[in-house]
Amino acid sequence: QVQLVESGGGSVQAGGSLRLSCAAYGYTYIVNCWAWFRQAPGKEREGVAAINDVGSTSYADFVKGRFTVSQDNAKNTLYLQMNNLKPEDTAMYYCAADFRSSSCRGLLRVGGFGDWGQGTQVTVSS
């Protein structure tokens, strides 16, 4: 059974940094697209960053230059390094995965991912 487990969330002041991790378990097929989404209270879940099977990355405009997505294939772990955090980054952050490489193309869509973690909370205070 596939399982994604996020960790690394917490509370920081504006300008601070956090690194989120997402450990993957139980995969018997190749994942061609990994992504991070976030959801703030009262808002829809939105795509933050993604990385595909050849290591190409993409970012939402609101995190470009501040967030970096990476993966360690040996550890089956996805990361999101978040720097210069802002209060508007406050949200629950979710790891997502899908076998379709097309899920990484264009705007990240919730419907493009079949596997989800339980989320980790990030709170940024001003």
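For reference, positions follow the sequence shown, starting with 1.
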Next on the checklist: Check for me whether the distance between the ring centres of Y25 and Y27 falls short of 6.0 Å.
Outcome noted: no

At what distance, to the nearest 0.5 angstrom, does [atom1] of [X] lie from [atom2] of [Y]?
X	Y	atom1	atom2	result
T120	Y94	OG1	OH	10.0 Å
T77	W34	OG1	CH2	8.5 Å
F67	F62	CZ	CZ	8.0 Å
L85	T123	CG	OG1	10.5 Å
R45	R109	CZ	CZ	14.5 Å
L78	S70	CG	OG	7.0 Å

Testing the basics here: between [X] and [Y], what is the closest heavy-atom pair and its distance to 0.1 Å?
X	Y	result
A91	A40	CB-N, 3.8 Å
P87	S125	CG-C, 4.5 Å
A50	C33	CB-SG, 4.5 Å
S103	G112	OG-O, 2.5 Å

Is [Y] reachable from [X] through a run of I, L, V, M, F, W or Y residues, each pair having side-chain heavy atoms under 4.5 Å apart?
X	Y	value
V2	F113	no
V110	W36	no
F37	L18	no
L80	V12	yes
L107	Y93	no

Report yes or no: does [X] contribute a side-chain atom to a donor-acceptor pair with the main-chain N or O of [Y] at less than 3.5 Å?
X	Y	result
T90	V124	yes
W116	L4	no
D115	A96	no

Check whether any side-chain heavy atom of [X] lies under 4.5 Å from a side-chain heavy atom of [Y], and answer yes or no.
X	Y	value
N52	S101	no
Y79	C22	no
D89	R66	yes

Checklist outcome for this item: Which of V48, V69, L108 passes side chain to side chain contact (heavy atoms under 4.5 Å, CB included) with Y59? It is V69

Checklist entry - Among E46, E6, E44, whose salt bridge (charged side-chain N to carboxylate O under 4.0 Å, His left out) with R38 holds? => result E46

Item to check | Set of residues satisfying salt bridge (Lys or Arg N to Asp or Glu O under 4.0 Å) with respect to K64, sequence neighbours excluded | outcome: D61

Next on the checklist: Looking at R100, I'd like to know if its CZ atom is crowded, meaning that more than 12 non-hydrogen atoms belonging to other residues, nucleotides or ligands lie closer than 6.0 Å.
Outcome noted: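 Atom CZ in R100 is crowded, with more than 12 foreign heavy atoms closer than 6.0 Å.
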
